[in-house]
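What follows is a single structure, written as structure tokens, with notes after it.
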2 protein chains.
Amino acid sequence: MPTVSSEELAAAAGVNSAKLRKDFSYLGSYGTRGVGYDVEYLVYQISRELGLTQDWPVVIVGIGNLGAALANYGGFASRGFRVAALIDADPAMAGKPVAGMPVQHTDDLEKIIEDNGVSIGVIATPAGAAQQVCERLVAAGVTSILNFAPTVLSVPDGVDVRKVDLSIELQILAFHEQRKAGEDLAADDVVPPVAAKQPRKGPDGDVPAVMPA
Amino acid sequence: MPTVSSEELAAAAGVNSAKLRKDFSYLGSYGTRGVGYDVEYLVYQISRELGLTQDWPVVIVGIGNLGAALANYGGFASRGFRVAALIDADPAMAGKPVAGMPVQHTDDLEKIIEDNGVSIGVIATPAGAAQQVCERLVAAGVTSILNFAPTVLSVPDGVDVRKVDLSIELQILAFHEQRKAGEDLAADDVVPPVAAKQPRKGPDGDVPAVMPA
DNA sequence: GAATGTGAATTTCTTCACAGCG
DNA sequence: CGCTGTGAAGAAATTCACATTC
């Protein structure tokens, strides 16, 4: 399939074709009127815009089950991420191979970051260790952190943190599940705009902005 | 702290106080004018609305590193989720304890779902097994699926699927990292609305609706 | 003829601002 | 007096619809 129309892409993605065209237009005019978009060229342009064509060395700190799962995760390599090092505080882990790579000790964290020019760190430690690890990463030059530990990290300005809470997705499913069960009540309910939205099939979904801890 | 004002909550969450009050108003009028919101009552009402007060039995299928990490994840219990069973296709895993619970074999999947009244399933299998597991879960009565496998699942109407792609969050960080690096170029760039947004510190962030596989 | 790119129209979301209540 | 709850105003996002290009 050498070319594709906005209509086809929109149908596949479950969005309006005009929105798709407008979004693409912000990246430039890569389509051909009367024909559509050249698939290969479009993929390249989007990949470049998203930074997928760059090589991003990352370190994973905390090689428990989750850290090991991340180290083995195939999706990283295909998106331009290269796991530069696995780091753990447990001396017993040091040297052990995980995902074909020896685990290194936390003592060497700063050197590893600097030697590999790492600017993105992944924290998969227990909650108690996360803030300290975070501070060492930042001090060593990391400016983006992906946090899997169930803690809110505080970082200086200029450092980005994204927190992944594995239970939030479950909570969203449970929320809709609850609605399914109480569907007959929905009619006489004062249905709030956000809550009333039925989940769609596509890769989307609404997360409330505010949620209790 | 027995009560809290919308102003305080808004500051803590990094949002506008009017938005917060309007959002709360959809749940009902739980505040007191001149005083604020009763913290305990508010937490209860929000929890109930989100379904956190219910008990949701879930099964985890695929007990590799990721499945084991999920089984051990403390965040589930506190949000009303109860891991009812761990299921794996490897006969060597059967009976082995993970997170204080014996792994069960896939053969018994249907019986486990029915006996426990499970409506939410978590798939942490390799990509190749995911669709088949999904179909068995659905046939056995599961109506919500959280998919960690790197595959798009197809399901019948009425079944919700949410896909967790661990690399997407990294990709978002890399996207902003790229912008940081090329900041001086930003000026003469035709900056698209979405892409131009700087990441904020709060628990938010924008994921493009359309992204190449 | 077919499909893009984009102003204009429309819809949705957010914020303002203030009446009303405790 | 302080703070909620909410109409009205304003801003942003989405969709329409069509001139334009291949």
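Chain letters run A, B, ... following the sequence lines, proteins first, then strands; residues in each count from 1. None of these values were measured; they are calculated from a predicted model.
Rounded to the nearest 0.5 angstrom, B/Gln178 CD and A/Arg48 CZ are separated by 8.5 Å. Atoms CZ and CG, from B/Phe81 and B/Leu146 in turn, are 9.0 Å apart once rounded to the nearest 0.5 Å.
Interface remark: the A/Lys22 side chain does not form any donor-acceptor pair with the D/dT14 base, using a distance-only criterion of under 3.5 Å.
Between the CG atom of A/Leu20 and the P atom of D/dC16 there is a distance of 14 Å, rounded to whole Å. Remark: C1' of D/dT4 and CG of B/Leu27 are 14 Å apart, rounded to the nearest angstrom. In this structure, B/Leu9 places its CG atom 19 Å from P of D/dG2, rounding to the nearest Å. Going from atom OH of A/Tyr30 over to atom P of C/dG5 covers 11 Å, rounded to whole Å. To the nearest angstrom, P of C/dT10 lies 16 Å from CG of A/Asn16. Atoms CD (B/Glu7) and P (D/dG2) sit 13 Å apart, rounded to a whole Å. Nucleotide C/dA2 holds its C1' atom 12 Å from the CZ atom of A/Arg21, rounded to whole Å. Following rounding to the nearest Å, B/Phe24 (CZ) and D/dC3 (P) show an atom-to-atom distance of 16 Å.
Counting only heavy atoms from C-beta outward, the side chains of A/Glu169 and B/Val164 approach each other to under 4.5 Å. Side-chain contact between B/Tyr37 and B/Ser6: present, with at least one pair of heavy atoms (C-beta onward) separated by less than 4.5 Å.
The salt bridge (charged side-chain N to carboxylate O under 4.0 Å, His left out) check on A/Arg82 picks up A/Asp55, with sequence neighbours excluded. Under the rule for a side-chain contact (heavy atoms from CB on, under 4.5 Å), the partners of A/Thr106 that lie at least two apart in sequence or sit in another chain are A/Ile87, A/Ala89, A/Leu109, A/Arg136.
In this model, the phosphate group of C/dA3 is not approached by any side-chain N or O of A/Ser5 to a distance below 4.0 Å at OP1 or OP2. OP1 or OP2 of C/dT14 lies within a sub-4.0 Å distance of a side-chain N or O belonging to B/Lys19.
Nearest to the side chain of A/Ser6, among C/dT4, C/dT6, C/dA17, sits C/dT4. When each of C/dG5, C/dC16, C/dG7 is scored by its nearest atom to the side-chain atoms of B/Ala18, the top-ranked nucleotide is C/dC16.
Using a 4.0 Å cut-off on heavy atoms, the residues of residues 31-40 of chain A that approach DNA chain D are A/Thr32, A/Arg33, listed by number.
Ionic pairing of B/Asp160 and A/Arg179 is not present here: no N-O contact between side-chain nitrogen and carboxylate oxygen is shorter than 4.0 angstrom.
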